[in-house]
*Asks:* 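Supplied in structure tokens, the structure appears directly below.
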There are 2 protein chains.
Amino acid sequence: MPDVKHFDADEALAAVELLFWRQGVTATGIQDIVSATGLSRSSLYNAFGSKEELYAAALQRYLDERSRPMFDRLASDDRGLPAIADFFDRLIRLRCTGRHARWGCLISNAHTEHSSEPARLLLDQHHGGLRAAFEAALEVARGKGDLRPGLDQAGAAEMLTLLAYGVNLRSRSGAAPKDLKAGVETCLHTLAKHPLGF
Amino acid sequence: MPDVKHFDADEALAAVELLFWRQGVTATGIQDIVSATGLSRSSLYNAFGSKEELYAAALQRYLDERSRPMFDRLASDDRGLPAIADFFDRLIRLRCTGRHARWGCLISNAHTEHSSEPARLLLDQHHGGLRAAFEAALEVARGKGDLRPGLDQAGAAEMLTLLAYGVNLRSRSGAAPKDLKAGVETCLHTLAKHPLGF
DNA sequence: CTTATCTTGGATTGGTCGTTCCAAGATAAG
DNA sequence: CTTATCTTGGAACGACCAATCCAAGATAAG
């Protein structure tokens, strides 16, 4: 008896995610979403509820589909410091070139825009996830004896996380990749016991 | 013959600055500005032009009245590394406590919201100003022999600037001051030649 | 006071905001 | 096919958006 859904909810959410990512929540109207998804207002509200809920869903999708894979790759990379360097290389390339150049990071952007408590929790999750991934990579580096003696690993993980946010932010205003790279590379050099070969 | 202005333009701009700082541009309506300044729409548009121009003026005021004094203090502080540590101490206190707690930095926030080219130039000015101040402090530290040998000072200045943006961003979502401090302190320790006494 | 000029408040513009509602269309079980 | 249920598109809601305009008020020189 009951009718089934006539569209792919996640496909629609993916389109919404791109809108919020590029333009922000407040600058994105429901009409923009209707146009981008091809769905009607009714279907949208029926499937996702209010705009705020839609935003939260988009944040969640970004965290799961975009951030987490980056975190996991970093955390399971057994190279230590080179893994961290690789992470930042990819990050800067992602932020400065290609389809999403100058978009920044949806989660970083949300720090300025968010309002609801569920949204804020997602930001903390993102922060914790990235920080944990850095800690894992640092622990590997320590095992290899690559870390500067006396380094506070927890503090270093927090520092690297804040640095990543800085990269995300500045890239949105068109910061030069070479400047971002210079800042990151100096940071990595100060973590290492011996001069790095990259 | 001509009549004179009946209000203090900078006083009004200061109120507008606070609104944009706390709520962002898009979330702030002209009506909010009318209420906060006590001025009429006519006076507002007559004195400042469009909302976009008003935003640019607020950014400029923030840069001149809030950021620059911090930069100048840092650049003219002759202590070197302790000057940098002091800068971050003040920054974190400013961002996490008091009247503007959890507001972040208007310029950092603008990275997500800005649209016009004049606004973007102000962001670059801010970045360059802070970076130059860090470079000056690092140069002092080098003169004292406090810097780790082989450190790239330009890269370190860029790193510290990105770190400050990270602090600004995370503070808006209620990051714990102790976490921010931990990240900053580790960063400073890695810059120093010898263990720091603070 | 007269007069010329600028300032001011309030009404008003056309447009867009997020959201709701309802009738028409689509679907699948019986 | 009938029937019950869900989906869909489009109209409509009141509220607010940035911006403009104009008549009335305030001001200061002569």
Side-chain angles (χ1 to χ4, degrees), chain A residues 1-60 109-110 112-119, chain B residues 1-60 109-110 112-119:
Chain A
M1 287 163 173
D3 200 356
V4 297
K5 199 166 288 179
H6 298 170
F7 62 90
D8 183 342
D10 185 69
E11 188 182 322
L13 190 55
V16 173
E17 174 193 14
L18 292 179
L19 282 179
F20 284 151
W21 187 2
R22 189 180 52 200
Q23 326 177 14
V25 219
T26 42
T28 300
I30 299 290
Q31 184 53 49
D32 296 332
I33 298 174
V34 168
S35 302
T37 59
L39 300 180
S40 70
R41 286 171 148 73
S42 312
S43 309
L44 241 16
Y45 277 92
N46 179 45
F48 299 105
S50 70
K51 186 188 181 187
E52 187 66 39
E53 292 173 271
L54 190 52
Y55 181 50
L59 284 179
Q60 182 76 61
N109 300 347
T112 316
E113 292 219 272
H114 82 272
S115 51
S116 69
E117 185 61 15
Chain B
M1 285 166 175
D3 199 355
V4 299
K5 198 166 287 179
H6 298 171
F7 62 91
D8 183 343
D10 186 69
E11 188 180 323
L13 190 55
V16 174
E17 175 194 15
L18 292 179
L19 280 179
F20 285 151
W21 186 4
R22 189 180 51 199
Q23 325 179 23
V25 219
T26 43
T28 301
I30 299 289
Q31 183 53 49
D32 295 331
I33 298 175
V34 168
S35 302
T37 59
L39 300 180
S40 70
R41 286 170 151 73
S42 312
S43 310
L44 241 17
Y45 278 93
N46 180 46
F48 300 104
S50 69
K51 187 188 179 185
E52 188 65 38
E53 293 172 88
L54 189 52
Y55 181 51
L59 284 178
Q60 183 76 60
N109 299 347
T112 316
E113 291 220 272
H114 82 272
S115 49
S116 70
E117 186 60 16

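To find a chain, count down the sequence lines: A is the first, B the second, and so on, and within it residues start at 1. Here the structure is a predicted model, which means the values were calculated and not measured.
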*Asks:* Whenever both distances are under 3.5 Å in a Watson-Crick or G-U wobble pair, mark it; put DNA chain D into dot-bracket that way, with [ ] for crossing pairs and | when the partner is on another strand.
*Replies:* ||||||||||||||||||||||||||||||
*Asks:* Heavy atoms within less than 4.0 Å of DNA chain C: which residues of residues 33-44 of chain A have one? Give them sorted by number.
*Replies:* A:R41, A:S42
*Asks:* Rounded to the nearest 0.5 Å, how far apart are CD1 of B:I30 and CG of B:L54?
*Replies:* 7.0 Å
*Asks:* Applying side-chain contact (heavy atoms from CB on, under 4.5 Å), name anything that partners A:S116, two or more places apart in sequence or on another chain.
*Replies:* A:E52, A:P118, A:A119
*Asks:* List in chain and number order the residues that pass side chain to side chain donor-acceptor pair (under 3.5 Å) with A:Q60, two or more places apart in sequence or in another chain; answer none if no residue qualifies.
*Replies:* A:D64
*Asks:* Run the side-chain donor-acceptor check on residues 22-29 of chain A: report pairs under 3.5 Å with partners two or more places apart or on a different chain.
*Replies:*
unit_1, atom_1, unit_2, atom_2, d
A:T26, OG1, A:E113, OE2, 2.8
A:T26, OG1, B:T26, OG1, 2.8
A:T28, OG1, A:G24, O, 2.7

*Asks:* What residues, two or more places apart in sequence or in another chain, satisfy side chain to side chain donor-acceptor pair (under 3.5 Å) together with B:S50?
*Replies:* B:E53
*Asks:* May I have the list of side-chain donor-acceptor pairs in residues 9-21 of chain A shorter than 3.5 Å, sequence neighbours left out?
*Replies:*
unit_1, atom_1, unit_2, atom_2, d
A:D10, OD1, A:R61, NE, 3.1
A:D10, OD2, A:R61, NH2, 3.1
A:E17, OE1, A:R61, NH1, 2.7
A:E17, OE2, A:R66, NE, 3.3
A:W21, NE1, A:G104, O, 2.9

*Asks:* Considering only heavy atoms, which members of residues 45-56 of chain A lie under 4.0 Å from some atom of DNA chain C?
*Replies:* A:Y45, A:S50, A:K51
*Asks:* Can you list everything that forms a side chain to side chain donor-acceptor pair (under 3.5 Å) with A:S40? Sequence neighbours excluded, please.
*Replies:* A:S43
*Asks:* Only pairs at least two apart or in different chains count here, so list each salt bridge (Lys or Arg N to Asp or Glu O under 4.0 Å) that has a residue in residues 31-51 of chain B.
*Replies:* none
*Asks:* Between atom OG1 of A:T37 and atom CZ of A:F48, what is the distance when rounded to the nearest 0.5 Å?
*Replies:* 8.5 Å
*Asks:* Rounded to the nearest angstrom, tell me the gap between atom CD in A:Q31 and atom P in D:dG10.
*Replies:* 11 Å
*Asks:* Please give me every residue in residues 7-30 of chain A whose heavy atoms get under 4.0 Å of an atom in DNA chain C, ordered by residue number.
*Replies:* A:T28, A:G29, A:I30
